[in-house]
Amino acid sequence: MEVEPRRAGENDSDGSNPDGAEVTRLCRTLVPLAAAGKYAEAASTYRWVTRASSGAPLRYGDHALRLEFCALTGNEHLGLDLLSLLDGVGDHSDAVGRLEFFASAALLTRRLTETGYGEIRFVLNGPYDGLSLSRLNVRMRAAAFVEAEELDGREHTGYFTAHAEAKMAAKPVAEFVPLLPSALPRVPIVPPPDLSAEELVVRAEIHNHRCEPEEARACLAAIEDVLDELVPRLTELRAIFFQGDDTEERLREAAAGFRRQGDENRFLLNQCWLGLWLVFDDQAETGVALTTVAAARLRAGRDDHAACWGEYWLAHVLSGQGRTAEAYEALRRGAERARETGDPLLHGTLLCLEASLRNGDGEDPVSTLELARAATDAFIVGNVGEKAVEAVEQARIAYERTGSLDELDVFVEHLLATLPVGGPERLRGHLRHLRALSLIGTGRFTEAVDDAYAALGAAASKGKDTAEHWYVLVSALHGAGRFDEVLDVAPRAISLLAGSPDWDHRCRWMYADTYRALGESSRAFNEYAVLAEILEASGDTGHSYISVSMAAAEQLDLLGYGANAADFYARAADAAVAIGGGYVAATCRNAATLSRLRSGDLDAALTALDVAENAVHAVKTETAPARDHLIAQLDHVAAHVLSAAGRIREAARRALRAAETFHRIGEAESARDVDLLLEQILLGDQK
């Protein structure tokens with residue numbers, strides 16, 4: 001069965017406002033609250049309407065208001081999730097809702113384009129899949145005007161067109177409204193204005209070496225006309241950062257340009273990269289030869305930086321062919337030469353690649369750890385956040401391979417304590433993520449919460465937040481009993497965990513358990529039921545499925561749906577029997593019997609009691625105390641059912657036996673419950 005969740009904006013006491021008018025009203029306050037500087041109130045209102053809208057019928061006008069809020073408060077990237085609704089908006093019956101949503105989507109994509117993210121591809125299984133955000137902006141503007149013109153034609157007015165134009169041209173009302181604790185504004189990647197084409201190319205090349213691809217793409221997107229001498233460099237960069245079927249052709253075109261200009265080093269580095277591309281394009285022999293020759297010529301030259309990058313690309317190519325010893329030798333040569341240059345980025349890059357290869361090949365973890373730690377130090381000196389995170393990850397893998405998790409904790413604490421002010425915040429956030437994982441692993445959930453929030457905020461500000469960041473935050477909040485906050489972040493975590501079944505199932509369980517802890521049995525049951533269906537569909541009907549089905553049944557009992565609760569208990573019992581869990585199955589049969597009784601179906605309860613008797617007496621393998629508990633539990637259940645059936649003497653005998661057993665095995669609370677039942681039975685018998 002499906003229990004209807006509490007409607008957004010519905011009053012629990014009188015059931016008023018069933019149509020979500022309260023959600024609409026509050027959505028309309030979002031931008032005004034932010035514009036008035038009431039950031040905390042705006043954030044809490046946004047979180048509330050987001051939660052209230054979960055599972056509710058689509059109301060595109062409300063979602064448009066949320067999109068507008070994201071676009072105007074520095075939360076543009078959060079609004080990307082709402083754009084997933086585009087797949088169905090064209091078929092929506094409300095023309096005004098369609099207009100509002102298209103206009104708000106145009107506003108959001110305009111803001112994203114203005115901050116340098118226009119070249120990001122929009123991923124959606126629908127008509128807009130694969131479009132860049134800048135192109136999507138054009139499409140959204142056109143769609144909004146189509147809707148506006150149609151509405152104006154019906155009303156013989158220009159109101160809707162003017163309204164759409166004004167909404168799409170709106171300016172931010174706040175620089176940034178943090179929607180979660182420790183949230184940080186997204187770092188704009190658009191390059192400074194008024195840079196020359198050559199300056200933009202140089203910046204793109206630097207971003208390339210620093211492993212900052214989005215920033216590089218933003219620089220390339222800002223370049224319009226270039227001088228002839230820049231064309232080969234620009235062609236090469238665009239081939240690298242906008243890869244496609246013509247990548248090889250464009251790389252060769254750039255190589256020809258470098259040759260014409262007599263720029264031997266750029267030509268040879270181009271050949272190194274082209275060789276790598278060919279290797280991964282199933283042209284291994286040609287690619288290896290190309291990179292090997294180019295790297296050797298660079299090695300013989302006087303440009304230390306170019307020679308080191310040549311060794312780096314050669315190592316990539318050789319390792320991909322399983323020639324690891326040669327790859328390590330190339331990296332050793334490169335690292336020695338890089339050390340002499342005094343360039344921490346170059347030196348750290350070579351050390352980090354060797355650590356990564358050695359971890360992957362299962363080489364000695366101790367020496368691998370030394371490489372990773374040295375790379376980390378180099379990247380901290382060079383203030384290269386992304387690379388530093390990569391190096392710390394290689395150190396983490398090496399520590400785990402040595403089984404030295406305590407030493408990993410010491411390493412993380414040392415880096416956090418010594419990381420300089422102004423150092424890479426991306427690294428600081430990642431270290432706090434690792435510390436949160438450690439704290440959660442030792443049950444220190446409350447301490448982990450601040451680290452988990454800070455780690456998510458730092459990662460999200462760079463667009464690097466992952467499913468793991470969200471999952472860790474949910475785990476910390478749930479373990480710390482901060483259930484309201486779990487409801488704010490769990491849906492996002494669940495949406496990101498589709499490819500990680502174990503984490504997804506665990507996160508869904510925490511989400512359901514949170515509703516249970518808050519006393520929202522209807523929502524708790526729905527979430528438990530969804531998880532039970534997912535587990536069953538995946539063929540996982542073991543312990544997790546049994547626990548979830550039992551939890552769903554408990555919530556149904558609380559809601560007064562006893563017959564349906566009994567069905568869930570029966571499913572859990574069948575699953576337990578299938579894996580040899582007779583004790584659990586018997587417990588479920590006892591619970592199902594009480595659920596049948598609560599439903600008012602006495603005949604069904606008596607039948608269920610017979611099934612429970614058989615299930616309990618079939619349990620032979622448990623220890624004596626466990627079996628005694630199970631038998632006492634059965635006697636307690638039987639006393640309830642037999643009393644309801646008017647079989648008072650039998651009921652009293654079973655209750656007395658249950659009470660004696662519970663007292664004997666030290667379960668005083670259960671014994672008191674049965675004593676009270678026995679008293680009620682006997683008093684009823686005397687009347």
Side-chain angles (χ1 to χ4, degrees), residues 43 46-47 50-51 66-67 69-71 73-84 108 111-112 115-117 120-124 133 176-189 210-215 217-218 384-390 392-393 396 412 416 424-440 448-478 482 485-500 503-504 506-508 510-511:
Y46 183 87
R47 292 194 299 268
T50 298
R51 186 191 307 175
R66 291 166 61 201
L67 268 175
F69 174 78
C70 290
T73 60
N75 288 286
E76 295 89 350
H77 286 82
L78 190 64
L80 281 172
D81 289 341
L82 284 169
L83 286 184
S84 63
L108 183 82
R111 288 288 303 138
L112 285 163
T115 52
Y117 294 94
I120 291 178
R121 297 287 168 179
F122 183 59
V123 180
L124 175 71
L133 291 177
F176 179 63
V177 175
L179 300 182
L180 290 174
S182 297
L184 298 170
R186 190 66 170 261
V187 177
I189 59 172
R210 290 173 60 90
C211 197
E212 296 166 346
E214 295 302 336
E215 290 85 342
R217 291 189 186 98
V384 190
E386 289 305 319
K387 293 269 192 180
V389 169
E390 181 184 348
V392 167
E393 275 301 284
R396 178 187 62 79
V412 169
L416 279 169
E425 289 304 310
R426 175 84 171 96
L427 174 60
R428 197 186 311 276
H430 186 65
L431 293 170
R432 295 193 71 174
H433 174 70
L434 293 178
R435 186 166 66 182
L437 280 171
S438 177
L439 291 169
I440 289 170
V449 168
D450 285 346
D451 278 333
Y453 267 128
L456 174 63
S461 72
K462 296 283 288 182
K464 303 295 183 179
D465 53 312
T466 64
E468 183 174 326
H469 286 103
W470 289 88
Y471 175 78
V472 167
L473 179 56
V474 173
S475 299
L477 292 170
H478 180 267
R482 292 168 63 163
E485 292 165 87
V486 172
L487 298 185
D488 290 329
V489 298
R492 171 65 174 161
I494 290 169
S495 71
L496 293 172
L497 286 168
S500 306
W503 282 4
D504 177 54
R506 172 70 182 169
C507 194
R508 287 179 182 276
M510 288 188 286
Y511 189 41

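Just so it is clear, the model here is predicted, and its values are computed rather than measured.
In this structure, Pro181 and Tyr453 approach most closely via the heavy-atom pair O-CD2, 3.4 Å. The two atoms that bring Pro178 and Ala43 nearest to each other are O-CB, 3.4 Å, heavy atoms only. Nearest heavy-atom pair across Val486 and Pro491 is O-CD, 4.3 Å. The two residues Ala455 and Gly429 have their closest heavy-atom pair at CB-O, 3.3 Å. Scanning both residues, Ala493 and Tyr471, for their nearest heavy atoms gives CB-N, 4.2 Å. Here the closest heavy-atom approach between residue Ser475 and residue Ile440 is recorded as CB-CD1, 4.1 Å.
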Test side chain to side chain contact (heavy atoms under 4.5 Å, CB included) applied to Leu78 and Arg186, step by step: CA-CA 10 Å; Leu78 190 64; Arg186 190 66 170 261; over 6 Å; no

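Note that the CG atom of Leu67 and the CG atom of Leu83 stand 5.5 Å from one another [nearest 0.5 Å]. Expressed to the nearest 0.5 Å, how far CZ of Arg396 lies from CD of Glu393 amounts to 4.0 Å. In this structure, OH on Tyr117 lies 11.5 Å from CZ on Arg111, to the nearest 0.5 angstrom. Going from atom CZ of Arg492 over to atom CG of Leu456 covers 9.0 Å, rounded to the nearest 0.5 Å. Atom CZ of residue Arg482 and atom CG of residue Asp488 lie 11.0 Å apart, to the nearest 0.5 angstrom. Atom CG of Leu477 and atom CG of Leu487 lie 10.0 Å apart (nearest 0.5 Å).
In terms of modelled atom types and a separation under 3.5 Å, the side chain of Asn75 and the main chain of Val177 share a donor-acceptor contact. Between the side chain of Arg47 and the main chain of Leu179, a donor-acceptor pair closer than 3.5 Å is present. When atom types are taken as modelled, the side chain of Ser438 and the backbone of Leu434 share no donor-acceptor pair closer than 3.5 angstrom.
Arg426 has a carboxylate O that lies under 4.0 Å from a charged side-chain N of Glu386, or vice versa, which qualifies the two as a salt bridge.
Between Ile494 and Asp504, some side-chain heavy-atom pair lies under the 4.5 Å cut-off. Here the side chains of Ile120 and Arg217 are not in contact, with every heavy-atom distance at 4.5 Å or above. Leu112 has its side chain within reach of Leu80: a pair of non-hydrogen atoms, C-beta onward, lies under 4.5 Å apart.
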Under 3.5 Å, which donor-acceptor pairs do the side chains of residues 457-467 form with other protein atoms, sequence neighbours left out?
residue : atom : partner : partner atom : Å
Ser461  : OG   : Ala458  : O            : 2.7
Lys462  : NZ   : Glu215  : OE2          : 3.4
Asp465  : OD2  : Trp470  : NE1          : 3.2
Thr466  : OG1  : Glu468  : N            : 3.3
Thr466  : OG1  : His469  : N            : 3.4
Thr466  : OG1  : His469  : ND1          : 3.0

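Not a single salt bridge (charged side-chain N to carboxylate O under 4.0 Å, His left out) links Arg121 to another residue, sequence neighbours left out.
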